[in-house]
Structure formats: C-alpha cells, structure tokens
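To start, the structure under review is shown below, and the notes come after it.
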2 protein chains.
Amino acid sequence: MRADFLKGHLDTLILSVLEPASLHGYAIIAELKSRSGGELALAEGTVYPALHRLEDAGLLASAWSNVDGRRRRVYRLSRRGRRALGAGRTEWHRFAAIVDSVLAATDRPVPA
Amino acid sequence: MRADFLKGHLDTLILSVLEPASLHGYAIIAELKSRSGGELALAEGTVYPALHRLEDAGLLASAWSNVDGRRRRVYRLSRRGRRALGAGRTEWHRFAAIVDSVLAATDRPVPA
DNA sequence: CTTGACACCTAGCGTCGCTAGGTATAATCT
DNA sequence: AGATTATACCTAGCGACGCTAGGTGTCAAG
C-alpha cells in the first residue's frame with residue numbers, strides 16, 4: 001500500500017481501536033493489523049509519534065504501567081478524543097464518497 | 001475537507017477524469033468539481049504541478065492548443081497512464097476496505 | 001549466549017497538497 | 001475608457017506527517 005494513502009487518516013484509525021478498550025502502543029499496532037486482516041502493518045516509527053501528537057492535542061491520555069518488568073504506556077480516549085473519533089468517521093465517509101463518485105463516473109454517456 | 005486526505009489519491013482522480021476524453025488543466029479542475037457534486041474544489045497550485053508530475057512520469061502526454069487567443073495545454077492518457085488508472089482504482093478500493101474494516105470493528109464482542 | 005519477541009523512543013528525510021504570488025487574454029460591467 | 005471578472009497557465013516555498021533507520025532495555029526460548 002502506498003505510504004501517503006494514510007496521510008490524515010491515521011489519527012482516526014488509532015482513535016477507533018481505542019474506542020472499546022484502552023491499549024498500549026505495541027498492542028495498538030497489533031490491533032490495527034488484526035482489524036484489517038493483516039493488511040495494515042504499521043511501523044513503530046509511524047504509530048508512536050502519532051500517539052504523542054494525539055496526546056498533545058488532548059484526544060488521548062496515557063498512563064505508565066508495568067507488566068513482568070516491561071513498562072507500557074497505556075492510552076485511553078479522552079472525551080474530546082471520542083468526539084474527534086465521531087467527526088473523523090463522518091469525514092472519512094464523506095471523503096470516500098467523493099473519491100468513489102469521481103472514480104466511478106467513467107461510464108458517463110459519451111456524445112455519439 | 002482535510003487537505004492531507006488527498007495525499008496519494010490525487011493522481012488517480014486526475015487520471016480518471018481523463019479517461020473518457022482529453023482535457024486541459026482548467027477543465028480538469030472543473031470536471032473534478034462537477035463529478036464530485038461540487039465537493040472537490042481544487043486550487044490550481046494543486047492540480048498544475050500534479051499534471052507536470054504525471055507527464056514526467058509518462059502517464060500523461062500534453063499538447064498545446066489555441067482557442068480564441070487563449071492557449072491551452074491539453075492532456076491525454078498515455079497507455080501507461082491507462083494502466084496506472086486501473087491499478088489506482090484497485091488500490092483505492094483496497095485501501096478504502098481496510099479503513100472501513102478498522103473503523104467499523106467497534107462492535108466486536110467484549111469479554112464479559 | 002544468541003536470537004527473537006516485547007516495548008518504548010526520536011532525528012531527519014521525502015513527498016506533495018497548498019498558499020500566495022505572478023503573467024496574459026477576452027468578455028463584461030460601470 | 002477603465003475596472004472587474006472569467007479563462008488559462010505557471011512556480012517558489014511552506015507545512016504536515018508517515019516512514020526509515022537507528023537507538024535503549026527486558027524477558028523467554030533455543
């Protein structure tokens with residue numbers, strides 16, 4: 001998959017996997033992969049900076065935890081994050097509809 | 001619409017409006033707007049550089065024409081461009097399916 | 001005792017849509 | 001006549017952000 005495809009959409013994807021349950025970064029990557037049937041295999045260097053951005057923007061809140069001597073940073077949706085997720089879903093569907101309409105319009109009547 | 005949304009997708013959109021007929025840059029912008037029901041109102045500074053990229057990449061060919069004292073650069077799909085359009089459509093649908101699957105997965109069973 | 005999975009981090013690169021400016025002609029308005 | 005608007009093209013430079021490529025450290029398996 002072209003890398004640029006994700007531009008602008010990653011945030012909403014991350015928010016969406018945190019909707020049903022809080023997760024740490026590594027698990028977020030795994031969940032994205034799982035939900036997409038293995039298609040969305042994101043690099044850590046993609047996801048971690050995005051998580052920091054989202055926290056800075058007040059859409060996520062994080063807390064350190066410790067499991068078997070391994071430190072984890074667990075992220076949860078803030079209220080604003082939950083709202084942003086709803087908006088993000090709507091924007092995505094709008095955008096997808098626009099692209100679909102442009103791409104599908106080929107079969108227009110051509111003047112004879 | 002978020003600007004970044006288009007990243008990576010613009011090329012395929014442009015190729016698709018050139019599929020049924022060759023058009024000049026200004027008309028391409030108008031056709032994108034028309035096909036999208038007015039939603040896709042792209043700036044010239046977005047489209048013209050994209051056209052030059054696509055021509056450099058061998059996906060489009062252009063020729064100057066003159067109508068009423070106004071010069072126009074008319075673009076047409078090359079054979080490689082037509083192939084790229086097919087590939088682009090496929091990639092788009094794959095991508096859209098991935099995002100949909102991630103965004104829609106909220107209603108998974110949660111362990112009780 | 002090395003390999004691999006887990007788990008985190010970040011400096012810097014590349015791409016590309018967009019802003020904001022520019023040139024030039026033709027038609028329309030005042 | 002002069003100003004505005006629509007048509008039609010161009011580009012330097014900005015900003016955002018996904019990604020590469022490196023780094024740290026723990027624990028289990030071989």
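Being a predicted model, the structure only gives us computed values, none of them experimental. We name chains A, B, ... by the order of the sequence lines, and we start the count at 1 in each one.
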Nearest whole Å is fine: how far is [N] [atom2] from [X] [atom1]?
| X | N | atom1 | atom2 | result |
| --- | --- | --- | --- | --- |
| A/Glu55 | C/dT10 | CD | P | 12 Å |
| B/Leu6 | D/dC17 | CG | P | 15 Å |
| B/Lys7 | D/dG18 | NZ | P | 9 Å |
| A/His24 | C/dC6 | NE2 | C1' | 8 Å |
| B/Trp64 | D/dC9 | CH2 | P | 7 Å |
| B/Asp68 | D/dT7 | CG | C1' | 11 Å |
| A/Leu23 | C/dC8 | CG | C1' | 16 Å |
| A/Tyr26 | D/dG25 | OH | C1' | 13 Å |

Under 4.0 Å between any heavy atoms, over every strand shown, what does [X] touch: base, sugar-phosphate, or nothing? Just pick one.
| X | result |
| --- | --- |
| B/Arg71 | sugar-phosphate |
| B/Gly69 | sugar-phosphate |
| A/Gly45 | base |

Q.
Assuming nearest nucleotide by heavy-atom distance, tell me which of A/Ala3 and B/Ala27 is located more 5' along DNA chain D.
A. B/Ala27

**Q.** Along DNA chain D (nearest heavy atom to each residue), the more 5'-positioned of B/Asp4 and B/Leu51
**A.** B/Leu51

Q. Judged by modelled atom types alone, do A/Arg35 and B/Ser101 share a side-chain donor-acceptor pair under 3.5 Å?
A.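 Absent: no donor and acceptor within the cut-off.
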
Q.
Testing the 3.5 Å rule here: is there a donor-acceptor pair between the side chains of A/Ser62 and A/Arg73?
A.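 The criterion, which ignores hydrogens and geometry beyond distance, is satisfied for A/Arg73 and A/Ser62.
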
Within less than 4.0 Å of OP1 or OP2 of [N], is there a side-chain N or O belonging to [X]?
| X | N | result |
| --- | --- | --- |
| A/Tyr48 | C/dC8 | yes |
| A/His52 | C/dT10 | yes |
| A/Arg2 | C/dC16 | yes |
| A/Arg53 | D/dG18 | yes |

Q: Could you tell me how the ring of B/His9 sits relative to the ring of B/Phe95: parallel (under 30°), tilted (30 to 60°) or perpendicular (over 60°)?
A: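 Judged by the thresholds at 30° and 60°, the geometry between B/His9 and B/Phe95 is tilted.
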
Q. B/Ala50 has a side chain; which of D/dA8, D/dA16, C/dG17 sits nearest to it?
A. C/dG17

**Q.** Main-chain N/O of B/Ala57 paired to B/Arg80 side chain as donor or acceptor, under 3.5 Å
**A.** yes

Q.
For A/Leu42 versus A/Leu6, what's the shortest heavy-atom pair and its separation?
A. CD2-CD1, 3.6 Å

**Q.** Position toward the 5' end of DNA chain C (nearest nucleotide), A/Arg72 or B/Met1
**A.**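 It is A/Arg72, whose closest nucleotide lies nearer the 5' terminus.
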
